[in-house]
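Below, chain A is the first sequence line, B the second, and so on; all start at residue 1.
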Amino acid sequence: MSDVRVRFAPSPTGLLHIGGARTALFNWLYARHFGGKLILRIEDTDTARNTPEAVAIIFKGLRWLGLDWDEGAQEGGGAKGDFGPYYQSQRMDIYKKYVDQLLAVDKAYQDPDGSVRFRMPRTPGVVKDLICGEITFDRTHEPDPTIFRKDGTPVFHFVNVVDDLEMKITHVIRGEDHLSNTHKHIAMFEALGATPPQYAHIPLILNPGGSKMSKRDEGASIGEYMDQGYLPEAVRNYLCLLGWSPKDNREVIAISEVVEKFDLPQINRGNARFDINKLYWLNGEYWKALTAEQYHAYAKEYLTQRGVDLSKIDAAYVTGVLDIVREKIKLGRDLPDWVEPFFNEEFSYDEKSLTVTLKEPEAKSRIEKLSAAFGGLGEWSAVKLEETLKALAAGDGVKVGVYVHPCRAGVAGRAVGPSLYHMLEVMGKERVLARLQRTLGKL
RNA sequence: GACCCCAUCGUCUAGAGGCCUAGGACACCACCCUCUCAAGGUGGACACACGGGUUCGAAUCCCGUUGGGGUCGCCA
């Protein structure tokens with residue numbers, strides 16, 4: 001156990017921002033790599049948008065990503081650790097105490113309107129950043145920042161410093177958007193007679209347009225990934241790759257290995273653009289790696305959440321369908337559509353089936369031949385079905401596709417789908433014959 | 001506007017002076033496989049922003065330019 005203490009300090013805005021999630025992840029990785037502690041502090045001084053629901057969204061997002069913390073705010077309003085409260089809204093007395101301390105030694109002063117300003121030192125501000133290196137700021141013209149408003153509430157820069165000091169934070173890992181303000185924070189630490197923590201500013205995540213990812217950008221909220229059926233391990237893996245790399249050309253990498261290799265100096269200094277395509281691909285890799293049990297459980301839960309009632313469907317049929325559909329998709333979002341024609345006897349027919357496949361003059365006779373052949377089948381298996389289709393085609397001197405297409409359309413109403421032979425096998429003889437009859441009735 | 005950070009394929013990146021006629025991945029294109037769509041396989045196109053230095057030698061070091069991002073709040 002080391003003395004490393006890092007913190008993640010989100011403000012409840014109603015969503016867990018992807019950039020915030022990555023900051024949380026990097027803090028977590030740093031803490032875990034060095035055997036330190038991760039502290040979760042809720043920065044809710046902006047009372048307007050601070051609601052229990054907004055805080056719950058943060059907890060939910062972090063847990064979904066598999067990030068845990070050792071101290072700080074907990075679900076249900078509780079807290080863990082000796083440096084609480086971990087909600088800034090509950091720490092007003094502490095901030096008051098510290099501002100009085102500054103006032104007493106004239107490191108801060110009161111404005112006529114009642115607000116309090118911090119007296120900026122006019123010496124050069126030196127920031128030694130673990131990622132960006134040493135940066136010196138000229139502060140001869142730096143305005144004195146307000147630290148307490150005229151209404152008596154404290155301002156972010158000040159509470160942030162006080163909390164990091166009080167909570168004995170050793171490393172502050174945060175977005176690069178704070179880099180230019182860091183010298184002010186350091187000055188406040190020093191004015192308070194304390195040693196500032198080590199700072200590390202990580203590059204920003206940019207939207208595809210190239211500017212800082214904002215709440216309104218597509219994909220900005222972790223909640224979207226939960227809803228769309230992304231796997232948390234994949235999202236987490238992708239986030240690791242934004243600004244960090246294992247340096248050996250691998251993309252899919254276990255979190256335990258990232259923990260082992262992670263450190264601040266290797267973090268890239270340039271901003272990274274968010275690329276949903278790569279996340280989508282990565283999700284597919286994790287999707288393929290799921291065990292059958294994990295996949296079934298995930299798929300059933302996702303479908304149930306989407307309002308698909310699986311309780312009335314034969315359990316073996318459900319898993320059979322899930323199995324053949326799996327290789328077609330990369331995430332949960334696509335499940336409902338792929339599964340629909342299997343579970344609904346009143347399935348609809350897609351555009352191509354309707355206007356092309358079933359419109360062919362021979363469609364009817366072919367489906368009739370298929371029905372007849374299927375009806376006479378003793379063993380109902382993919383292999384046998386394949387033989388049957390091929391024999392039918394050979395008899396007519398045509399390619400199997402000639403029979404496959406109307407069959408798929410007749411049995412599922414779709415021009416595309418999983419392997420037809422496996423579809424038929426899973427559906428079972430009775431269902432297949434009934435469906436072909438239904439289609440025939442529509443021709 | 002001032003200040004700060006950054007700069008390798010469209011995107012994420014490998015590269016820490018010779019191993020680079022710059023490697024990988026996503027996306028893209030072609031072909032193969034094939035019952036459709038995917039997946040998979042093979043191959044292809046695609047980058048060191050520009051200009052000066054330093055050096056025997058620069059993607060790698062220095063300076064400048066340009067470009068991008070960020071910060072300058074009584075938002076966090």
Could you give the distance separating A22(B) and A47(B) at their P atoms, to the nearest angstrom? 10 Å
Pairwise distance CG(L239(A)) to CZ(F274(A)) - rounded to 0.5 angstrom: 8.0 Å
Quick one: pull up CG in L264(A) and CD1 in I131(A) and give me the separation to the nearest 0.5 Å. 4.5 Å
Measure from CG on N237(A) to P on C26(B) and round the result to the nearest Å. 13 Å
So which nucleotide does A45(B) pair with, by the Watson-Crick or G-U wobble rule with both distances under 3.5 Å? none
Can you confirm whether K384(A) sits close enough to Y421(A) that some side-chain heavy atom of one is under 4.5 Å from a side-chain heavy atom of the other? no
Pairwise P distance for C50(B) and C75(B), with rounding to whole Å: 45 Å
N283(A) CG to R333(A) CZ distance, which is reported to the nearest 0.5 Å: 9.0 Å
Using the C1' atom on both, measure A45(B) against C9(B) and round to a whole Å. 10 Å
Validation row, ring centre H33(A) to ring centre F262(A) under 6.0 Å: no
Looking only at heavy atoms, which two atoms of P145(A) and K184(A) are closest? And how far apart? CG-CD, 4.4 Å
What is the separation between atom CE on M213(A) and atom C1' on U11(B), rounded to the nearest whole Å? 13 Å
C1' atom, A59(B) versus A16(B): distance in rounded Å? 11 Å
Output the single nucleotide from U13(B), A25(B), A76(B) whose closest atom is nearest the side chain of A272(A). U13(B)
Taking pairing as Watson-Crick or G-U wobble with both contacts under 3.5 Å, can you name the mate of G1(B), or confirm there isn't one? C72(B)
Counting only distance, no hydrogens or angles, is the base of A25(B) paired donor-acceptor with the side chain of K278(A) under 3.5 Å? yes
So what's A22(B) paired with, Watson-Crick or G-U wobble, going by both distances under 3.5 Å? none
Assign a letter to each nucleotide of nucleotides 67-74 of chain B from its 5' end: B, base within under 4.0 Å of a protein heavy atom; S, sugar-phosphate only; -, no contact. --SBSS-B
What is the pairing partner of C33(B), taking Watson-Crick or G-U wobble pairs with both distances under 3.5 Å in any strand? none
Under a 3.5 Å cut-off for both distances, is G67(B) Watson-Crick or wobble paired, and to whom? C6(B)
Whole-Å gap separating P (C4(B)) and NZ (K128(A)): 18 Å
To the nearest Å, give me how far apart CZ (R174(A)) and P (C75(B)) are. 18 Å
With rounding to the nearest 0.5 angstrom, report the CG to CZ distance, L303(A) to F343(A). 7.0 Å
Mapping D248(A) and I135(A) onto RNA chain B by nearest heavy atom, which one lands closer to the 5' end? I135(A)
Are E362(A) and K369(A) within salt-bridge range, i.e. N to O under 4.0 Å? no
Expressed as a whole number of Å, how far does the P atom of G68(B) sit from that of G73(B)? 24 Å
Once ring-ring contact (aromatic ring centres under 6.0 Å, His included) is applied, do any residues pair with F374(A), and if so which ones, sequence neighbours excluded? W380(A)
N268(A) side chain near A14(B) phosphate (N/O to OP1/OP2, under 4.0 Å): yes
Contact class for G284(A) vs. all strands (heavy atom < 4.0 Å): base, sugar-phosphate, or nothing? nothing
What interatomic distance, in whole Å, is found between P of A39(B) and the corresponding atom of A25(B)? 15 Å
Roughly, in whole Å, what's the span from CG in L282(A) to C1' in G24(B)? 14 Å
So which one's nearest nucleotide on RNA chain B is more toward 5', Q88(A) or L241(A)? L241(A)
Take atom NE2 of H141(A) and atom P of C4(B), then tell me their distance rounded to the nearest Å. 13 Å
Using the P atom on both, measure C46(B) against G10(B) and round to a whole Å. 11 Å
I need the CG-C1' distance between N277(A) and A25(B), as an integer number of Å. 12 Å
Is atom NZ of K328(A) surrounded by more than 12 heavy atoms (other residues, nucleotides or ligands) closer than 6.0 Å? yes
Salt-bridge test for K96(A) and D100(A): reply yes if a basic N is under 4.0 Å from a carboxylate O, no otherwise. yes
Could you tell me whether D164(A) and R41(A) have a side-chain N and a carboxylate O separated by less than 4.0 Å? yes
In 5'-to-3' order, the base (B), backbone-only (S) or no-contact (-) status of each nucleotide in nucleotides 35-48 of chain B, using a 4.0 angstrom heavy-atom cut-off, is BBBBSS--------
Using atom C1' of each nucleotide, how far apart are A2(B) and A14(B) to the nearest Å? 37 Å
E251(A) near the nucleic acid: base, sugar-phosphate alone, or nothing, with a heavy-atom cut-off under 4.0 Å? base
May I have the distance from I58(A) (atom CD1) to A76(B) (atom P), rounded to whole angstrom? 15 Å
